[in-house]
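Right, one structure below, let's go through it.
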Amino acid sequence: MMTRFQKLGNPSILKWVSSYFVENQQKMGSCHIPQSQSPRLHITERSVLSQRCYGEDGVRIPRATLKEAQTALLEYLHSTRSIQFVDAENMSKNSPHFLRKLLKKVEIVKDVRRSMSRFLRYHPINEFEPFFESLGLKPCEYTPLLPRDLMFLSDDCLLLENYRVLCEFGVERNKIGQIYKKAVQVFQHDFGVLLLKLQAYQKLGLSQSFMAKIIVYSPHVLIGDIDIKFIKVLEILNGLGFDYAWIKEHLSEKEFYNWSMIFRVFKFFREMGCSSELGGLISQHPWLLFEGSGGRVLSLIAFLLKFGLPMDGISSMFLQFPEIQVSHFVSNIIRCFLFFQEIEMEVDEIGKIVCSYPILLGSCTLKKTSSLLHDLNVGKKRLCKYIQENPQELSKWGMGTRVRPLPDSGEGVESQKLKTKFFLDLGYGENPNMLKKAFKVFRGRGGELQERFDTIVNAGLDQEDVSKMVRVSPQILNQSKALIQSKIEILVNELGFPLSSLILFPSYLSYTTQRVRLRLAMYNWLKDQGKAEPDLALSTIISWSDKIFLSQCVNNHPSGPQVWEDLKAEFTRDK
């Protein structure tokens, strides 16, 4: 089962996780503007009017002033601009932001209505602003949609024609703005075309009220020919026993539906062998289809397939799916994966847990890794082992839960014994104060400290010399065995220094390889230019602070500072 996952390797999964988060962050980043819930014009007036009582600066605008301004705008749009009365009334009563902005420009002389009428007579407005706002769009939404070279609605005949077709078909006016925002092509159909498209869907048996809702949720069904995938999805749902009323009930205005993607979800479920249980599954978890048009489900399937979970395993997971939104489930399972990464769990072990316990991982929202390590009072190595042996414990480490420290495994006592023996062998003696100080200085288990010590000895140094080195610079053992080996190889094979240099300068092992390489490269360049002492000690070159190194070495040559910056950039890039 793990072969496929191991071939993919860790970077592949990390790349997928990163792209998933970027994609969803962008989706969440797009501003969702709540829409009015009132379906009719005379009902929306009261709720919209309440918004008008205050200007953008928080100053209250008298209700009577707003009513007079509405009337003036209605008269201008209908009588002066010849816009149909019902459209002009909708624009005047449902564009509070535009109206407030307009009132700021008008100098009110006693009568608001007359002052507004006088202003509009000499200052034509951009009619698209109150029009789009009356369709349910906020200024931040409709501003990018405003035509560049047009001010009057009558200059865009197709927009008005298609808008009125939708109104007459039963689409709520305050929802039409979302249709325009998602699919402006709907309003570019030639005369009569949009009506024919709507009638084509009706001929297939779809009611006018049902299609009026569908158009708002997925206006792209009105672009091009009949959306075959949309029709197929409806046929599948009908075949599973779901009528149009059920479909309408489970669609959300917050979503934008891609019927091709929903159709792909059905296809995947059938390939997984879920056909017989599909009706019950959709009935219990309709958001599997409708949340993100099923995109979350496809993301989850892709994630599990990358780990090598077979189709029947994925099918079994969906049949046991918890009462949780798919987006939360996917977020939780990825959070667990990243947690495993952060505690440095082996790749194949991560795969085993993901494939064996997907429901568990998707059902719990883990705390941050740093919090868990602190609360559990445990190191990464032991935590990995504990999770592999007790994966169900993950459910107890979720957000908002009190996490207790792990029970003592007995390994700590053994480690203390090994540490004590190691310190005694180093010559610290049995003085309690010396031992206490040693325990504070040295990090790691007893066995690890001995292993690191042996690494330096095995490089070719005498054990007594290494003991002296450690007593002088104990911090050199606070590194992994691999890092110590790497630094010794760089010193001898790359930089050309004898191994015995470590005896005189054991702190070399404490410095980063980037610092060592940078300092030696600069020193060698200065030496070639005849601007550096030829036999400067390694300890001096490395241990000097940057300030002293610059003044004592780098600045000895006119080009030194530039060479220093170039070398820093090169070594930083290669890091």
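The figures that follow rest on heavy atoms only: side chains count, while hydrogens, waters and symmetry mates do not. Count residues from 1 along the sequence.
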Please check this pair: side chain of [X] against backbone of [Y], looking for a donor-acceptor N/O pair closer than 3.5 Å.
X      : Y      : result
Glu161 : Phe191 : no
Tyr257 : Ser252 : yes
Lys380 : Met345 : no
Ser218 : Ile214 : yes
Ser293 : Asn258 : yes
Ser395 : Gln392 : yes
His189 : Leu222 : yes
Ser95  : Met91  : yes
Asn162 : Phe187 : yes

Task: Set of residues satisfying ring-ring contact (aromatic ring centres under 6.0 Å, His included) with respect to Phe256, sequence neighbours excluded - done: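 Here the qualifying residues are His220.
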Open item on the list: For Phe329, give me all partners under ring-ring contact (aromatic ring centres under 6.0 Å, His included), at least two apart in sequence or on another chain.
Closed with: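 Phe329 satisfies ring-ring contact (aromatic ring centres under 6.0 Å, His included) with Phe321 once adjacent residues are dropped.
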Looking only at heavy atoms, what is the nearest atom pair of [X] and [Y], with distance?
X      : Y      : value
Leu73  : Ser92  : CD2-CA, 3.8 Å
Val265 : Leu288 : CG1-O, 4.4 Å
Ile223 : Ala183 : CD1-CB, 3.8 Å

Task: Donor + acceptor pair across side chains of Ser327, Glu291 (<3.5 Å) - done: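 Yes - a donor-acceptor pair under 3.5 Å links their side chains.
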Open item on the list: Could you measure the distance from the CD1 atom of Ile350 to the CD1 atom of Ile343? Nearest 0.5 Å is fine.
Closed with: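 Atom-to-atom, Ile350:CD1 and Ile343:CD1 are 8.0 Å apart.
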Task: Spacing of CD belonging to Glu133 relative to CG belonging to Asn90, to within rounding of 0.5 Å - done: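 If we round to the nearest 0.5 Å, Glu133:CD and Asn90:CG are 11.0 Å apart.
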If you count the non-hydrogen atoms of other residues, nucleotides and ligands that lie under 6.0 Å from [atom1] in [X], is the total more than 12?
X      : atom1 : answer
His374 : NE2   : no
Lys232 : NZ    : no
Arg264 : CZ    : no
Glu255 : CD    : yes

Task: Parallel, tilted or perpendicular: rings of Tyr386 and Trp397 (30°, 60°) - done: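 Ring orientation, 0 to 90° scale: parallel.
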Open item on the list: Parallel, tilted or perpendicular: which one describes the rings of Phe119 and His123, with boundaries at 30° and 60°?
Closed with: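 The arrangement is parallel - the two ring planes meet at less than 30°.
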Task: Lys/Arg-Asp/Glu bridge criterion (N-O < 4.0 Å) met for Glu349, Lys352 - done: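 Yes.
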Task: Ion pair check, Arg402 and Asp375, cut-off under 4.0 Å - done: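 Looking at Arg402 and Asp375, the cut-off is not met.
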Using a 3.5 Å cut-off and no angle test, enumerate the donor-acceptor pairs between side-chain atoms of residues 200-213 and protein atoms at least two apart in sequence or in another chain.
| from | atom 1 | to | atom 2 | distance (Å) |
| --- | --- | --- | --- | --- |
| Tyr201 | OH | Val221 | O | 2.7 |
| Tyr201 | OH | Asp227 | N | 2.9 |
| Ser207 | OG | Ser209 | OG | 3.4 |
| Ser207 | OG | Phe210 | N | 3.1 |
| Gln208 | NE2 | Phe169 | O | 2.6 |

